[in-house]
Number of protein chains: 2
Amino acid sequence: MTDERQGSVGVVDSVLVALADNTRRELLQLLAAQGEATATTLAESLPISRQAVAKHLAVLDAAGLVSGSRVGREVRYAVKPATLDATARWMTMLAADWDRRLAKIKHIAEAAERRDTP
Amino acid sequence: MTDERQGSVGVVDSVLVALADNTRRELLQLLAAQGEATATTLAESLPISRQAVAKHLAVLDAAGLVSGSRVGREVRYAVKPATLDATARWMTMLAADWDRRLAKIKHIAEAAERRDTP
DNA sequence: CCGATGTGCAACCATCGAGTTGCTGGCAAG
DNA sequence: CTTGCCAGCAACTCGATGGTTGCACATCGG
């Protein structure tokens with residue numbers, strides 16, 4: 001199993017790195033809108049070359065956010081919601097964890113205050 | 001106001017960029033664990049210099065993930081769960097959107113298949 | 001078979017970002 | 001007042017990354 005401890009490396013890292021780029025997010029949006037598309041098609045909707053798009057798709061594929069399947073001489077890419085969803089879950093969990101800790105610390109601080117100024 | 005459309009720039013961008021770095025995530029973890037800490041303190045728990053930590057904290061602050069408050073000659077930083085939570089929500093919504101579109105497209109494809117092979 | 005179209009690979013360039021060192025300025029404790 | 005932390009620039013190095021061009025390879029259509 002992949003351990004997957006909070007802030008360490010892993011699947012989450014690659015997803016976040018992939019999502020950190022605006023062009024890649026636009027690419028995902030286009031893919032989600034069209035269902036399936038090739039690198040060349042996508043490049044026509046963006047101000048960058050086909051090769052640049054291909055590289056981005058490789059990154060997204062490595063992160064598990066998209067997957068490509070060869071059909072004849074072209075490669076159709078499609079979005080994979082599961083990975084994004086998993087990352088969203090991880091984030092929600094993390095935020096909840098922070099909240100828990102903050103609440104606990106605040107509680108301790110208040111207790112100390114009550115003790116100092118009775 | 002900041003518009004804040006789906007895949008375009010904005011708050012989400014800065015948060016994702018901030019989270020894309022592993023050192024920054026470790027920093028957040030440390031902060032969440034300790035409640036409050038200064039740049040120098042945090043630097044002692046990491047293999048990098050105080051200045052590097054300060055830069056990272058600046059990025060996290062700009063993204064709204066932490067906030068620092070001056071106490072005497074030192075600056076105490078603390079985690080801000082709200083922003084992370086908002087981003088997590090955004091992601092969940094996005095994943096759901098992808099799922100919706102995928103389902104619709106699949107439906108269309110099946111309909112076409114039924115029509116082609118009656 | 002031959003041309004057109006789409007991918008993949010490699011080299012190359014420019015910029016960005018993480019990290020460093022070095023110095024200055026403020027605040028506090030002696 | 002002086003000494004010692006702590007924070008805040010500023011300049012610099014260097015590897016990662018987004019982007020480009022050029023070419024070779026496969027596949028479809030005539």
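Note that the structure is a prediction, hence the values are computed from the model and not measured. Residue numbers start from 1 in every chain, and the chains themselves are labelled A, B, ... in the order their sequence lines are given, proteins ahead of strands.
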Nearest non-hydrogen partners of [X] and [Y], listed with the distance:
X	Y	value
B:A20	A:D13	O-OD1, 4.1 Å
A:L16	A:M91	CD2-CE, 3.8 Å
B:A18	B:L60	CB-CD2, 4.1 Å
A:A32	A:V79	N-CG2, 4.3 Å

Query - Distance below 4.0 Å between A:T38 side-chain N/O and C:dG6 OP1 or OP2 - result: no
**Report entry** Short side-chain N/O contact to C:dG19 OP1/OP2 from B:T23, under 4.0 Å
**Finding:** yes
Query - Under 3.5 Å: donor-acceptor pair, side chain of A:R101, backbone of B:Q34 - result: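 The answer is no, because no donor-acceptor pair under 3.5 Å joins these two groups.
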Query raised in the report: With a non-hydrogen cut-off below 4.0 angstrom, is B:R24 in contact with a base, only sugar-phosphate, or nothing?
Result: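 Sugar-phosphate: the residue B:R24, judged by heavy atoms under 4.0 Å, touches backbone atoms but no base.
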Query - Hydrophobic cluster identity match, B:V59 and B:V53, side-chain contacts under 4.5 Å - result: no
Nucleotide N/O of nucleotides 8-11 of chain C paired with protein N/O under 3.5 Å:
| from | atom 1 | to | atom 2 | distance (Å) |
| --- | --- | --- | --- | --- |
| C:dG8 | N7 | A:R50 | NH2 | 3.2 |
| C:dG8 | O6 | A:R50 | NH2 | 3.1 |
| C:dG8 | O6 | A:Q51 | NE2 | 3.4 |
| C:dC9 | N4 | A:Q51 | NE2 | 3.3 |

Query raised in the report: Earliest and latest nucleotide of DNA chain D, 5' to 3', sitting under 4.0 Å from a non-hydrogen atom of chain A?
Result: D:dG18 to D:dC28
Query - Nearest-Å distance for atom pair CG/C1', residues A:D21 and C:dC16 - result: 12 Å
Query raised in the report: Separation of A:R76 atom CZ from C:dT5 atom P, in whole Å?
Result: 18 Å
Requested in this report: List in chain and number order the residues that pass side chain to side chain donor-acceptor pair (under 3.5 Å) with B:T40, two or more places apart in sequence or in another chain; answer none if no residue qualifies.
Outcome: B:T38
**Report entry** Among B:N22, B:L42, B:I48, the one residue meeting side-chain contact (heavy atoms from CB on, under 4.5 Å) with B:L27
**Finding:** B:L42
Query - Polar pair under 3.5 Å, donor/acceptor by atom type, side chain A:R73, base C:dT5 - result: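 Yes, the side chain and the base share a sub-3.5 Å donor-acceptor pair.
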